[in-house]
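Worksheet for the structure shown next.
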Amino acid sequence: MLLTRLARVSQEVAATSARSRKIALLAELFRDAEADDVPLVIPYLAGRLPQGRLGIGWKVLSRPVTPAAEPTLTVREVDARLTGLGKVSGTGSQAERARLVGELMGAATADEQRFLFGLITGEVRQGALDAVAVEGLAAATETPPADVRRAVMLAGSLQPVARALLADGPTALDRFRLTVGRPVLPMLAHTASSVAEAVAKLGACAAEEKLDGIRVQVHRDGDTVRIYTRTLDDITDRLPELTSAALELRGDRFILDGEVIAFDAAGRPRSFQEIAGRVGSRVDVATAAEQVPVSPVFFDALSVGDRDLLDLPFTERHTELARLVPEPMRVRRTLVSGPDDVRAAEDFLAETLKRGHEGVVVKALDAAYSAGRRGASWLKVKPVHTLDLVVLAVEWGHGRRTGKLSNLHLGARTADGSFAMLGKTFKGMTDAMLGWQTERLQRLAVEDDGWVVTVRPELVVEIAYDGLQRSTRYPAGVTLRFARVVRYREDKGPEEADTIETLLAAHPEVRP
DNA sequence: TTCCGACAGTGGGGTCGCAAT
DNA sequence: ATTGCGACCCCACTATCGGAA
């Protein structure tokens with residue numbers, strides 16, 4: 001199949017907003033693909049590369065290359081060239097990679113160049129990624145979408161499922177079973193604004209500590225242990241303590257879900273930054289492990305022995321977990337019978353925060369373990385802080401925000417009356433706010449370099465954030481974690497904005 | 001008819017590792 | 001040694017479609 005066909009369909013998919021139409025367009029293309037093209041066509045139109053990461057980014061791809069006049073590239077040729085690209089490594093490799101990218105782009109028409117750019121940077125912007133491609137695949141093969149989604153969860157990605165389904169038909173899905181040693185997509189939590197809201201939605205539930213570390217899925221089969229991240233990367237070699245911990249447990253065959261965290265000398269949880277640095281260290285693991293030893297805290301069991309627990313209610317999975325994992329390695333929790341029992345959950349949240357953790361996750365007791373779309377049966381609740389800050393500058397948006405001023409630069413007052421930048425945010429704005437701020441901020445503009453518009457520091461905005469973290473980038477030595485806009489405060493002048501001093505005083509545990 | 005779950009999009013900061021300077 | 005870039009950790013929120021209630 002020619003690449004130009006994919007590029008054209010991708011444009012058509014992007015042009016329609018109806019999900020049903022997107023699915024129909026994808027299904028039609030999948031049906032037309034030859035057997036050998038299928039393993040490429042499906043991930044390409046799901047916005048993914050079968051090779052995974054290539055080491056090529058926005059910078060290299062942005063160099064202009066004269067496009068080809070006629071479309072000649074086939075999907076298989078593109079795949080072969082990208083595979084070659086991924087294999088280039090060593091000294092001088094960056095120049096060689098750039099040369100190969102230039103060759104590929106030079107063989108592509110302008111439309112194809114646009115498609116390849118989106119594919120490699122992961123920004124296809126056609127309004128259809130994995131989930132819609134799964135629906136398209138289900139339609140093309142006349143298989144129930146729920147069955148395809150479940151197989152994708154068990155396989156960890158779309159490609160193997162697509163290949164099996166198109167080669168052998170719907171019965172091939174039976175091959176995708178939970179297997180120790182093969183990671184599955186983890187179940188994720190939604191957000192609730194309060195414990196009361198979460199309990200009202202879920203009924204009988206458990207409130208568990210929410211730990212601010214790195215999610216891990218631990219597989220043990222006899223003496224073999226493998227550890228996977230949320231995106232299913234294998235990080236076994238970076239966390240030797242976890243292998244030891246898994247080998248100490250009584251069972252010799254299981255899959256557990258948990259979080260890796262670390263404690264300081266006083267027994268308080270260390271910051272996310274410290275844990276992420278430790279888990280990210282690959283070169284000298286021994287030294288990193290000495291400086292920041294980590295501990296696992298497990299909260300779910302996906303399989304034990306030869307039993308697949310995924311479809312069991314949480315209560316039963318937890319019974320299995322408790323049988324296998326002793327107390328300190330198991331997450332602290334409390335049971336809540338229902339809305340009349342909210343106080344128990346609220347007290348538990350207060351205790352958890354006092355112990356230095358992030359918040360709680362409220363989990364329905366009757367829910368199965370599912371990465372699919374079986375509703376939000378895990379709800380996280382975290383405290384939210386707010387500040388009044390001053391807009392110092394704003395960046396022009398991309399994609400659907402093209403032509404709108406989007407990403408705000410936020411400043412707090414300093415002792416001398418000037419403003420210190422604390423970070424940026426593009427979150428929390430409605431389309432109406434986006435339109436309003438585009439007009440309002442242009443009136444305050446003192447400079448526009450085509451990317452950043454610098455403004456007079458006069459407009460006050462209320463910002464919500466999850467906490468403070470250390471920063472080497474910003475002048476105060478700190479930055480906001482997960483900042484988002486709540487509302488504009490036109491009733492306030494910049495002289496009423498919050499100061500760096502009050503911010504630091506509110507977070508004594510963080511020192512710049 | 002209204003409500004709500006699922007999805008995609010729009011990017012945020014930090015850290016590590018590697019190649020180039 | 002320092003800098004720039006890419007990969008991967010953590011993530012919030014809004015708009016929209018389409019099925020459920």
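Chain identifiers are assigned alphabetically (A, B, ...) following the order of the sequence lines, protein sequences preceding nucleic acid strands; residue numbering begins at 1 within each chain.
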What nucleic acid atoms does [X] come within less than 4.0 Å of, heavy atoms only: base, sugar-phosphate, or nothing?
{"X": "A:Y465", "answer": "nothing"}
{"X": "A:T425", "answer": "nothing"}
{"X": "A:V485", "answer": "nothing"}
{"X": "A:V283", "answer": "sugar-phosphate"}
{"X": "A:K382", "answer": "sugar-phosphate"}

Check: Is the backbone of A:A483 close enough, under 3.5 Å, to the side chain of A:T425 for a donor and an acceptor to pair up by distance?
Finding: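 Yes: the side chain of A:T425 pairs with the backbone of A:A483.
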Note to self: Would the distance check show the side chain of A:T438 and the main-chain N or O of A:L405 forming a donor-acceptor pair, the cut-off being under 3.5 Å?
What the structure shows: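 Judged by distance alone, yes, a pair lies under 3.5 Å.
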Salt bridge (Lys or Arg N to Asp or Glu O under 4.0 Å) contacts in which one or both residues fall within [range], not counting sequence neighbours:
{"range": "residues 399-410 of chain A", "result": "A:R400-A:D431"}
{"range": "residues 382-395 of chain A", "result": "A:E358-A:K382, A:K382-A:D466, A:D388-A:K492, A:E395-A:K424"}
{"range": "residues 186-207 of chain A", "result": "A:E197-A:K201"}

Does the side chain of [X] get closer than 4.0 angstrom to OP1 or OP2 of [N] through an N or O atom?
{"X": "A:T191", "N": "C:dC13", "result": "no"}
{"X": "A:N407", "N": "B:dG12", "result": "yes"}
{"X": "A:K380", "N": "C:dA12", "result": "yes"}
{"X": "A:Q126", "N": "B:dA8", "result": "no"}
{"X": "A:H190", "N": "B:dG5", "result": "no"}

Notebook entry, point to check: Which of parallel (below 30°), tilted (30 to 60°) and perpendicular (above 60°) describes A:Y488 and A:W436?
Noted result: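 Ring orientation of A:Y488 relative to A:W436: tilted.
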Atom [atom1] of [X] and atom [atom2] of [N]: how far apart are they, to the nearest Å?
{"X": "A:E96", "N": "B:dA20", "atom1": "CD", "atom2": "P", "answer": "11 Å"}
{"X": "A:K424", "N": "C:dC11", "atom1": "NZ", "atom2": "C1'", "answer": "17 Å"}
{"X": "A:D466", "N": "C:dC11", "atom1": "CG", "atom2": "C1'", "answer": "8 Å"}

Notebook entry, point to check: When every nucleotide of nucleotides 16-21 of chain C is labelled 5' to 3' by its protein contacts under 4.0 Å (heavy atoms), B for base, S for sugar-phosphate only, - for none, what sequence of letters results?
Noted result: -BS---
Notebook entry, point to check: So which one's nearest nucleotide on DNA chain B is more toward 5', A:G399 or A:S471?
Noted result: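 The residue closer to the strand's 5' end, by nearest nucleotide, is A:G399.
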Margin query: Given A:E209, which partner from the list A:R355, A:K363, A:K380 fulfils the salt bridge (charged side-chain N to carboxylate O under 4.0 Å, His left out) test?
Written below: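 Output: one option passes, namely A:R355.
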Item checked: Non-hydrogen side-chain atoms of A:T430 and A:M433 separated by less than 4.5 Å ->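 A:T430 reaches A:M433 side chain to side chain.
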Item checked: Heavy-atom closest pair, residues A:A245 and A:M329 ->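 Heavy atoms only, the tightest pair is CB-SD, 4.1 Å.
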Checklist line | Contact summary for A:S471 and A:V478, nearest pair of heavy atoms | finding: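 What the structure gives for the nearest pair is CB-C, 3.8 Å.
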Check: Should B:dC7 form a Watson-Crick or G-U wobble pair with both distances under 3.5 Å, which nucleotide is its partner?
Finding: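 For B:dC7, the partner nucleotide comes out as none, under the 3.5 Å rule.
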Detail all sub-3.5 Å separations between protein N/O atoms and N/O atoms belonging to nucleotides 4-10 of chain C.
residue	atom	partner	partner atom	Å
C:dG6	OP1	A:G57	N	3.0
C:dA7	OP1	A:L54	N	3.4
C:dA7	OP1	A:G55	N	2.8
C:dC8	OP2	A:R53	NE	3.1
C:dC9	OP1	A:D233	OD2	3.4
C:dC9	OP2	A:T229	OG1	3.3
C:dC9	OP2	A:T231	OG1	2.4
C:dC9	OP2	A:D233	OD2	3.3
C:dC10	OP1	A:R215	N	3.0
C:dC10	OP2	A:R230	NE	3.4

Next item on the list: Would you please say whether a donor-acceptor pair under 3.5 Å links the side chains of A:T83 and A:Q51?
Entry: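 Per modelled atom types, A:T83 and A:Q51 side chains form a pair under 3.5 Å.
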Next item on the list: Using a cut-off of 6.0 Å, state whether more than 12 heavy atoms not belonging to A:R48 lie near its atom CZ.
Entry: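 No.
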All N/O pairs under 3.5 Å across the protein-nucleotides 1-3 of chain B interface:
none

